[in-house]
Amino acid sequence: MRNLKTVLEFEVSRTLKKPLFWIMSLLGPIGIGVVFAISALSSVSGAEAEQNQANAEISFEYLDHSGLVDRDIARSMGGNAIADPAAGVQHVQQGGVDAFFEYPAKPTEEPIKSAGTDVGVFDSMKYESIAKMVLQLSVQKALGDPEKIQISLGYLSVESVTYRGSEASAGIWEVIPPAVFLVVFFLIIVLLGNKMLMVGMEEKENRVTEMILTTINPTALLAGKVISTFIVGMVQIAVIVVPSVIAAIVFPSALGLGGFQFSDLVWVPERIVIGAVMLLAGFALFAGASAAVGAMMPTAQDASGAFSVVMITAMMPLWALMAIVSTPDSLVSQFMTYFPMSAPITVILRNALGIIEWWQALLSIGIVAISTAVAFAVAVRIFRYGSISYSKAVSLKTVLSRQ
Amino acid sequence: MSETVVCVEDFRMRFGDLDVIKGLSFDVYQGETFGLLGSNGSGKTTTIRALLGIYQPSGGTLSVYGKPFEPGVSGALGYLPEERGLYKKEKVIDTMIYFGQLKGMTSAKARSWSLDYLKRVELDGKANTRLDKLSGGQQQKVQLGVTIMNDPRLLILDEPTKGFDPVNRRLLMDIIAERHQAGATIIMITHQMDEVERICDRILLLKDGVARAYGKVTDVQDEFGGTTIKVRIGSQLPQSPSYRVISDDGAGNIELQPLGVQPDEIIAELVQAGVRVQSFLPSRRSLDSIFVEVYGEAAQGE
């Protein structure tokens, strides 16, 4: 592997030196931050607006067929009961009252009818809020017991403990650490897919293949480029993940992680090892397959079709997610576990959820490792013979049949 | 005899059902400038690619300094391929340092050498410019620099002047002369017969995957007719059993090959026939006319 270090240094430094790399990488966390900020602000203002609408003071008339509306409550909120629905609507039209509500006999089956003075699309929503509020407060008053009211509204919490034998399991807290590998693998595919395609294509596109092949062995060149892509990818993922982790520690409630603490996480060593090994093996397989496709095709555009197949086969488990999670012994799940391209996501997922035996994970890792070696050997061969085919795609049969 | 740098024995190359090279053998010796000639598709580039391990030969052996070529092990090589380019999105200096390191130089030495070279070719202000921001001619200069980094003992140039402007062509020829003087072995694939006559010691003419001629330039010239006569005439040239026309540019410049007679007998015959002879120059037969004879008129324009 002579010159491997030179390739690594060149490939890593040329990427990290580019301002565009940092701009594009930082766009991720900045984008996530902006989305969270907008979401938090809008949820606060949305809740406030809803409350304001419910608290709005209006004059209204109502007709109650259900018998559930409490007259005192309705009156305290500005309402008067009437008997004629047509008169109610007419009063609204004439400006005598702001709104008229007609409560049906069975409010759970039929809608409450509301007629109000148009004060704009948004402000006019207050009529619905007040109509509902009057009925809800009336029913709560009829129930009397605040505890029953809370239960009926679903304000319940469950503290759950599950046991493996006599030991309490950590539940979600032991799922999160190995599940991080799934997120990382997914990010690798999304962020580095195109870069891995270029591993086998850049020299061809730049017409530099012949010069480079007289200075370095193709195996060392491809290995250097794949490893450097992984390093660059890890930097890029760190740029995205580190700010997110800091935000999760500093502003847990703003991110909807109220009550979360890192000390709650449980690190199961065998799950971490299996996740990490499968992540590396899966990355190498994906990189080898992508590099082979890149070396085979003359341009990135020509490679897009074949590259889509690589991407889809890698992402396949996401379409069978429920089957994998709920019935890990099903045929679909077993296929996804042992088919090389789909194995990384499937095994990392099953490993995180604790629904895979250790020997199954090892067998799958072995299959992926062997497939990686084959894919890489094919990629090197295609690169050697195919990357000087500058204007047309090379036939896999031709390349592999050469002595 | 000088050390054999390149040895090709019974080299055969087959693509699918097509035999591209059919048992080619030749040697290139230390310090010589060797011309590999042939029309397009005759197998020149294929031979070089197989020599450098880019293609796997279907048969025969190809060696550089006694062993199959191995990057970085077979001695410093400078290769300027026919299809050429560099990493377009990278800076000139970064690219040159990278190739220098791949060729065995330290980063510092590669940087220092590159800056000196860029100064020599008047690109000293472009070291930190991206390659795709350079003009085509400037990129060619960088390409040449990368080719000759680390003082290659063997320089292989595949159609080196292809696409080069006159300034860069002169630069290339200077570099070839320098490397030759420094003792480097040079293999040149070209269609420029005047360049071959001027700088090559020996040549190989390849046609349809077989050697049509191989040896010293003068030997090949002798093999294809030895002495020729370049005449400039002001009237029609009569047909004669004493000579045959090798080339005729239609403007009165004609190259004749004597057929069993001496040049002075031919001029006497022309004068006697009333031909107005403006100039008469016996010389060796040009490689250009040999090339046309071997490959046909169609190849002349290639």
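Reminder, nothing fancy here: chain letters follow the sequence lines and each chain counts from 1. Hydrogens, waters and symmetry mates are skipped; everything else that's a heavy atom, side chains included, is used. Remember, it's a predicted structure, so these values are computed and weren't measured experimentally.
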Quiz item: Looking only at heavy atoms, which two atoms of A:Met211 and B:Gly85 are closest? And how far apart?
Solution: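 Result for this residue pair: SD-O, 4.3 Å.
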
Self-check item: Minimum heavy-atom distance A:Arg207-B:Glu83, with the two atoms named
Solution: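 Answer, listing the atom of A:Arg207 first, then B:Glu83: NE-OE1, 3.1 Å.
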
Practice problem: Spell out the residues in residues 101-113 of chain B that have some non-hydrogen atom less than 4.5 Å away from a non-hydrogen atom of chain A, in order of number; otherwise answer 'none'. | Solution: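 So the qualifying residues are B:Gln101, B:Leu102, B:Lys103, B:Gly104.
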
Self-check item: Over 12 foreign heavy atoms within 6.0 Å of CZ, B:Arg170
Solution: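 Open: at most 12 neighbouring heavy atoms sit under 6.0 Å from CZ of B:Arg170.
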
Quiz item: If you draw a 6.0 Å radius around NZ in A:Lys18, do more than 12 non-hydrogen atoms from other residues or ligands fall strictly inside?
Solution: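 Check passes, neighbour count above 12.
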
Quiz prompt | A:Arg14 to B:Tyr87, cation-pi by 6.0 Å centre distance and 45° axis angle | solution =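 Yes, a cation-pi geometry.
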
What pairs of donor and acceptor atoms, side-chain ones from residues 19-36 of chain A against any protein atom, are under 3.5 angstrom apart with sequence neighbours left out?
{"unit_1": "A:Trp22", "atom_1": "NE1", "unit_2": "A:Leu16", "atom_2": "O", "d": "2.7"}
{"unit_1": "A:Ser25", "atom_1": "OG", "unit_2": "A:Phe21", "atom_2": "O", "d": "2.7"}

Practice problem: Look up atom CG in A:Asn206 and atom CG in B:Leu131, then write down how far apart they are to the nearest 0.5 Å. | Solution: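 Reported to 0.5 Å precision, the distance equals 9.0 Å.
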
Quiz prompt | Value rounded to 0.5 Å, distance of CG in B:Leu80 from CD in A:Glu210 | solution =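 B:Leu80 atom CG to A:Glu210 atom CD measures 10.0 Å (nearest 0.5 Å).
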
Exercise. Taking only Lys NZ, Arg NE, NH1 and NH2, and the carboxylate oxygens of Asp or Glu, determine whether A:Lys17 and B:Glu90 approach each other closer than 4.0 Å.
Key: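 Judged by the 4.0 Å cut-off on N to carboxylate O distance, A:Lys17 and B:Glu90 do not form a salt bridge.
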
Exercise. Quick one: which residue pairs count as a ring pair (Phe, Tyr, Trp, His ring centres under 6.0 Å) with a foot in residues 183-239 of chain A, not counting sequence neighbours?
Key: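 Qualifying pairs: A:Phe230-A:Phe283.
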
Self-check item: Heavy-atom pairs under 4.5 Å with chain B, option from A:Asn217, A:Thr214, A:Ile216 with the top count
Solution: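 The candidate making the most pairs under 4.5 Å is A:Thr214.
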
Exercise. State, with a plain yes or no, whether a side-chain heavy atom of A:Ile212 is found less than 4.5 Å away from one of B:Tyr98.
Key: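 A side-chain contact exists here, since the closest heavy-atom pair is under 4.5 Å.
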
Quiz item: Which pairs pass side chain to side chain donor-acceptor pair (under 3.5 Å) with one or both residues in residues 127-143 of chain B, sequence neighbours excluded?
Solution: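 Pairs touching residues 127-143 of chain B that pass the test: B:Arg130-B:Asp132, B:Ser135-B:Gln138, B:Gln140-B:Asn168.
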
Exercise. Decide yes or no on side chain to side chain contact (heavy atoms under 4.5 Å, CB included) for A:Val208 and B:Phe99, but give the supporting numbers first.
Key: CA-CA 11 Å; A:Val208 73; B:Phe99 274 95; 3.6 Å; yes

